[in-house]
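In what follows, a single structure is set out as structure tokens and then discussed.
Numbers here simply count residues along the sequence, with the first being 1.
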Amino acid sequence: MLYAVEARAYANMGQPSKCRRAVRMAEDTFADAAFDDEPEPDWIRFFSDAELHGENAHSYRDLAYVAGRSPTYASLAEPIMARAVELFGEDDEHQRSYALNLIGMATVHLLQREPEESTVPATQALYVAKRVRSERVNTRLRKTVDTAARDFGDVPAVARLTELLGEQLPEAVEAV
């Protein structure tokens, strides 16, 4: 987990070689831990294969943003993010993480200038967001959809997603 966090930090500092090294170290260390016969401490039990894939994918996605919306780094994030989404999709317990990784997948598609493709995981995230009721998820989803609308508002799928977001997850919801 610590190497994955280190990778994310290097990504945000714009240091691609150090980011890639930390991603590899995170993967290697995680794989080595599977062969260790010692029980995991309680504080690390949440860090699953899905979490590892999600963190590493977000590192490459963050690196893409720092590198001026680089499609090269976004393409490194895509298969890893797809695996995180797949793993979290099979996990009924960590739906908030599932939603955040779906949003991450949508942003990767936006970085790759694939607006139609971005609407698929963003729509899935919208329906998960309604169930988990997380302001962090809601904020990230709104920001992602706003970016899609700003950059690709003339694409019909993006326009439909923007409307759906307004209907399903309005900014101001009256307190019950």
Side-chain angles (χ1 to χ4, degrees), residues 4 7-8 10-14 16 19-20 23 26-27 48-173:
R8 195 101 182 245
Y10 283 132
N12 284 290
M13 291 188 299
C19 175
R20 284 191 293 253
V23 164
E27 291 167 346
S48 64
D49 196 25
E51 288 285 346
L52 174 69
H53 280 82
E55 282 299 317
N56 287 343
H58 279 91
S59 292
Y60 287 132
R61 192 269 329 258
D62 291 355
L63 193 56
Y65 277 124
V66 171
R69 300 177 68 107
S70 166
T72 301
Y73 295 123
S75 69
L76 291 173
E78 186 176 9
I80 304 168
M81 188 75 74
R83 182 67 177 143
V85 166
E86 178 186 345
L87 291 169
F88 278 120
E90 299 167 354
D91 178 357
D92 291 335
E93 187 177 336
H94 298 98
Q95 290 295 289
R96 180 174 170 269
S97 293
Y98 179 44
L100 290 169
N101 281 277
L102 284 165
I103 296 164
M105 191 78 228
T107 62
V108 167
H109 285 300
L110 290 173
L111 286 164
Q112 293 177 307
R113 307 207 51 80
E114 301 170 342
E116 293 89 359
E117 290 86 346
S118 76
T119 64
V120 175
T123 301
Q124 291 173 295
L126 173 60
Y127 291 112
V128 176
K130 285 184 68 171
R131 290 194 314 268
V132 299
R133 297 179 182 214
S134 163
E135 194 53 41
R136 182 175 176 206
V137 168
N138 295 350
T139 299
R140 286 200 182 169
L141 183 57
R142 285 185 188 107
K143 183 178 177 184
T144 300
V145 173
D146 287 348
T147 299
R150 183 190 68 230
D151 295 347
F152 304 103
D154 58 336
V155 174
V158 172
R160 282 191 301 276
L161 175 61
T162 303
E163 287 177 24
L164 185 62
L165 179 71
E167 294 166 6
Q168 299 292 319
L169 199 65
E171 286 271 352
V173 178

Just list the side-chain donor-acceptor pairs under 3.5 Å for residues 82-93, sequence neighbours left out, or say none.
| residue | atom | partner | partner atom | Å |
| --- | --- | --- | --- | --- |
| Arg83 | NH1 | Glu86 | OE1 | 3.4 |
| Arg83 | NH1 | Glu86 | OE2 | 3.0 |
| Asp91 | OD1 | Glu93 | N | 2.8 |
| Asp91 | OD1 | His94 | N | 3.4 |
| Asp91 | OD1 | His94 | ND1 | 3.4 |
| Asp91 | OD2 | His94 | ND1 | 2.5 |

When the side chains of residues 119-127 are checked against the rest of the protein, which donor-acceptor pairs come out under 3.5 Å, sequence neighbours left out?
| residue | atom | partner | partner atom | Å |
| --- | --- | --- | --- | --- |
| Thr119 | OG1 | Glu116 | O | 2.6 |
| Thr123 | OG1 | Thr119 | O | 2.7 |

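Residue Ala26 comes nearest to Ala4 through the heavy atom pair CB-N, 3.7 Å, listed as atom of the first residue, atom of the second, then distance. Contact detail for Val128 and Ala99: the closest heavy-atom pair is CG1-CB, 3.7 Å. For the pair Ala11 and Asp62, the tightest heavy-atom approach, listed with the atom from each and the gap, is CB-CB, 4.1 Å. Considering all non-hydrogen atoms of both residues, Val66 and Gly14 come closest at CG1-CA, 3.5 Å. Counting all heavy atoms, side chain and backbone alike, Ala77 lies closest to Ala57 at CB-O, 3.4 Å. The heavy-atom pair separating Met81 from Val108 by the smallest distance is CE-CG2, 4.3 Å.
Contact check for Leu63 versus Tyr10: no side-chain heavy atoms found under the 4.5 Å cut-off. Contact annotation: the side chain of Arg133 never approaches that of Asn138 to less than 4.5 Å [non-hydrogen atoms, C-beta and beyond]. By the 4.5 Å heavy-atom criterion applied to side chains, Phe152 and Glu114 are not counted as neighbours. Looking at heavy atoms from C-beta onward, Thr107 lies in side-chain contact with Tyr65 at the 4.5 angstrom threshold. Contact check for Glu117 versus Gln112: no side-chain heavy atoms found under the 4.5 Å cut-off. Side chains of Glu78 and Arg61 form no contact here, defined as non-hydrogen atoms less than 4.5 Å apart. In this structure the side chain of Pro115 never reaches within 4.5 angstrom of the side chain of His109, judged on heavy atoms. With a 4.5 Å cut-off on side-chain heavy atoms, Val132 and Tyr98 do not count as touching.
Atoms CE and CG, on Met105 and Leu110 in that order, are 10.5 Å from each other to the nearest 0.5 Å. From Arg142, atom CZ reaches atom CG of Leu169 across 4.5 Å, with rounding to the nearest 0.5 Å. Between atom CG of residue Leu76 and atom CG of residue Asn56 there is a gap of 11.5 Å, rounded to the nearest 0.5 Å. Between the CG atom in Asn12 and the OG atom in Ser59 there is a gap of 8.0 Å [rounded to 0.5 Å].
Listed by chain and number, the residues in a side-chain hydrogen bond (donor to acceptor under 3.5 Å, both in side chains) with Lys143 amount to none (sequence neighbours excluded). With sequence neighbours left out, Glu55 forms a side-chain hydrogen bond (donor to acceptor under 3.5 Å, both in side chains) with Arg8. Every residue was checked against the side-chain hydrogen bond (donor to acceptor under 3.5 Å, both in side chains) condition with Arg140, not counting sequence neighbours, and none meets it.
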Open item on the list: I'd like to know whether His58 forms a side-chain contact (heavy atoms from CB on, under 4.5 Å) with Asn101, so could you lay out the CA-CA distance, the side-chain angles of the two residues, the decisive distance to 0.1 Å, and finally the verdict.
Closed with: CA-CA 8 Å; His58 279 91; Asn101 281 277; 3.3 Å; yes

TODO: Run the numbers on Val158 and Leu161 for side-chain contact (heavy atoms from CB on, under 4.5 Å), then give the verdict.
DONE: CA-CA 5 Å; Val158 172; Leu161 175 61; 5.6 Å; no

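Side-chain N or O atoms of Ser70 include none that pairs as donor or acceptor with a backbone N or O of Ala67 at under 3.5 Å.
Screening residues 147-165 for salt bridge (Lys or Arg N to Asp or Glu O under 4.0 Å) gives Arg69-Asp151 as the qualifying pairs, with residues at least two apart or on separate chains.
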